[in-house]
Structure formats: C-alpha cells, structure tokens
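First listed ligand is number 1; within each ligand, the first listed atom is number 1.
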Amino acid sequence: MSISKPISMFLALAVATTGFLSFERFETTSPQIHAPEFLHINLEGEEVELSLEDLGSGLREASATVEVFGKDLKLMNRSFAGSLVFGEGPKSIKLKVRVVPKELGISEEGEFLLKLEASDWSWLTWWRGNITKIEIPILVDLTPPSIKSEKGLTYVRRGGSAVAVYTVSEKTKHSGVSVDDEYFPGFLLSTDNVTSGDLEKHDNRYISFFTLPWKASADPEIVLIATDLAGNISKVDFPARIKERRFADVRITLPKKFIDNKIPKLATHLGRTPSDDYVKAFILINEEERFANEEKIKELVTATSSARLWSGAFTQMRNSAVTSRYAENRTYFWKGEAVSRAIHSGYDLASTANAPIDAANSGRVVFAGDMGIYGNCLLIDHGLGLFTLYAHLSQISVRVDQHVDQGSEVGRSGKTGLAGGDHLHFSVLVNGHYVDPKEWWDPKWVNDHVEKWLD
Ligand SMILES: [Zn+2]
C-alpha cells in the first residue's frame, strides 16, 4: 500500500523540521544578567533591580541566593513559561530582589555575596539549558558618616539667606541642611581622598544655601544632615543664631477698574471663569492659580546646575523705585471687606513703561513664557540651587536653555498676569524658597557670606 501524496509530503516536512529544530534546540546563547556591580547597604537593605535577557530559546529559571557565614540562603526562585520542544521562553524579564540583612540573620558589618543564576530553554547541559551565574559583593556598613561644619556661629535672618560649608567623611547619597521640615541640598565643592580601602573614605566638601523661611517656627531646628551610600544617616546641629524680623502688613484696596477690566480678561486667559462675579474670579486667580504656579516653579528649580554660574552681587533693575517689598503680608479688600490674602514673594520695582530688564546675574534660562499670575515670566538658574524670577514682562527676548550674562537684556517690563500697572516683580529663590533679594543685591553681604567660601 502506498502512502498518499499529501501525507508523504507532511512526513517529509515533519522530519526536516524536527532535524532543524533539534539542531536549533542545542543553541548556545547564554542568558545575560544585568545587575549592580556592588551592593553597599545597612541592615535595612534595599530592593535590587535585575534585568535578564536571553536572545536564544528564552528564559527558563532565575534564582538569587545570599551566602551568609558559609550557608546559602535563597532569596528568589522563579520559573518562566516556555517549552522543551520549541523553546519560546521570554526574551527579557525585569525582576526585583529584596536584600535585607536583618532578615538574613546578619547583625554586624561585614562582606557577603549575592549569587544570581539564570537558565534558558536550550537542550544543552542535559536539557537544563545554558546557565549563567554571577556573584555580587555585598558590603554591610552600619557606620554613619561624620559631618563637620567649617563655619562658626552663623546669623540667619528670617527670610534671609545663609550658607553652610561642611565636610562629610565618605561618599553620600545626599547631604544638606534641614530647617524644621524643609531640606536644602548641598553641592559638592571638592573631594579629598584621605584613606583608601574597601570603604573608599573621602573627605567630601559641600556648600548648601538655605533660608529660615518667613513662616518657619519661632525656634527652628537647623541641622546638617548626610546619608551615606548604605543609607546610614548622620545629623549634627548647625551653629546658628536667628535674627527675627517682622514683615509689614499691607492693605490693598482692589480698584474697581482692575476688577472690571483686568480680571475678566485674565480669568478667561487662565481658564478660571466661575461666574460673572469678577471678585470671585480674582480670588480664584490669587489663590488657586497662584498655588498652581508655585508648584510649577518648585518643580522647575529642582533641575539646578551643580556648578556655580554666577559671581558677585546681583543687580537691581536699573533706575527703579521700590513699590513693594519681600514677604509683605497682603490683605485684599473689596468694598471694605477682606476677600483674599497673599504673601509677596519678592520686590516690585517700577521705572518707565516697557523698561529694559537685565539678568541680575549670569545663569541659564530654565523658563520663558506664560506663568499665570506672573504673566510673561522668566526663571534663571544661577547654579547651586539659586534662581531669579522676573514677572509681568511685556516682552521676553531670551529662550529656554540660553546662557545669559549679568547685565544682558532679557526682556521688557509690563503688566501681564496679576498686575495693575507696569512694573517688574523680582524674586530670588534658594532651593525653591523665596528669600529677601536685598541681601543678594548687597556686594558686602555677598562678599562676606558667599564669595569667601567659594574661592
Ligand atoms: Zn510683586
């Protein structure tokens, strides 16, 4: 009896495919394990991210083990779907492994090993597949870094700026100054290798600009704080003496012309139009819009340069008269009734209409555009957490990412945003907090408090 033609063709194909398959199925492409080269942790440990790849038959199994005092403790063991006939395991997988020394019976400093293994669906090694093994040294470090302030007693004015210069005895994840709950990061000035060994001790020198925020408590806690690579935290008191000051209470009677002419247009522009009640629209803009603008500014200032871009004192707008000061406590009145409040975040400076506005110091433009209550607004990064803001402009003549030199024209004054008349609103920010610009305009203050630490 002869086999029909279609069936014989099928068999021929099956034999050929199986032959090809079995050759393919002994593939030698090993899995790859991407992991940190080294773990530096304390007893709380950390979650380690792994990325596995297998471009041949796909991933089959993965495991993680820690060797502790000669014993292997399993942290993770995973199998992935695939088939011994066809392979077809996943080509890439991301995994997380928690390595927590205190859960592994470790209570002291020491060195341990994290062993990672991954296999694939190849028929090699008697059908166990290609196997990749790597070992990652773990250093358990329980010693917090030591922090030393280079400065003696420092006077900090409420709303004013201050400088901390300090050294930390090892590399850090982060360090800086904290004032109550507010954190001001430090920026690396220099690194000196003091000893070398497994822990790579360095004397790292940092500078941090901070402020005693206008709203801080009466007896704020000011500390230097550092977290090492293992997560150990040190805190030391920063020697500071507070200089109190009171900010002026200012009553602002909202002019009818401002409410009737400015507010409806601004409310429409900002998409904050609750009703025909323009006073309500003013309140929405002065409170909700202001809050949204401040959130956006806080986000923008996180991307500061770690290098200093400015030098010397900042400049005040040319030929300008001060019409409002920093941290004035404003209450807005309408028909004799207090309807809204705000703290003034900078100085109002007035000259002629459309007056030229210069960069107060050198830096890089990080925002140039419409910013709600601030109208056409510019934000310039001077590095190390220091920014200046220019608001209500009629024109902007620079773009984002552009480097500007001190004294170069960046725009023209105007009355865009929440402004009644043509003026410049000017603010200085230190790590996201508005500070009194007056100190930064004063060459003696900048020289005595800043320059001498940056030489
Ligand atoms: Zn202002």
His449 and Ser161: side chain donor to acceptor below 3.5 Å: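 Short answer, no.
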
Atom name of the N, O or S atom in Asp348 that lies nearest to the Zn ion (ligand 1):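 Per the distance ranking, Asp348 contributes OD1 as its closest N/O/S atom to the Zn ion (ligand 1).
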
The Zn ion (ligand 1) to His425: nearest N/O/S atom name: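 Minimum-distance N/O/S atom of His425 relative to the Zn ion (ligand 1) is ND1.
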
Look at atom [atom1] of [X] and say whether more than 12 heavy atoms of other residues, nucleotides or ligands are closer to it than 6.0 Å.
X: Lys243; atom1: NZ; answer: no
X: Lys91; atom1: NZ; answer: yes
X: Phe333; atom1: CZ; answer: yes

Whether His392 has an N, O or S atom under 2.8 Å from the Zn ion (ligand 1):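 Within the cut-off used here (under 2.8 Å), His392 places no N, O or S atom near the Zn ion (ligand 1).
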
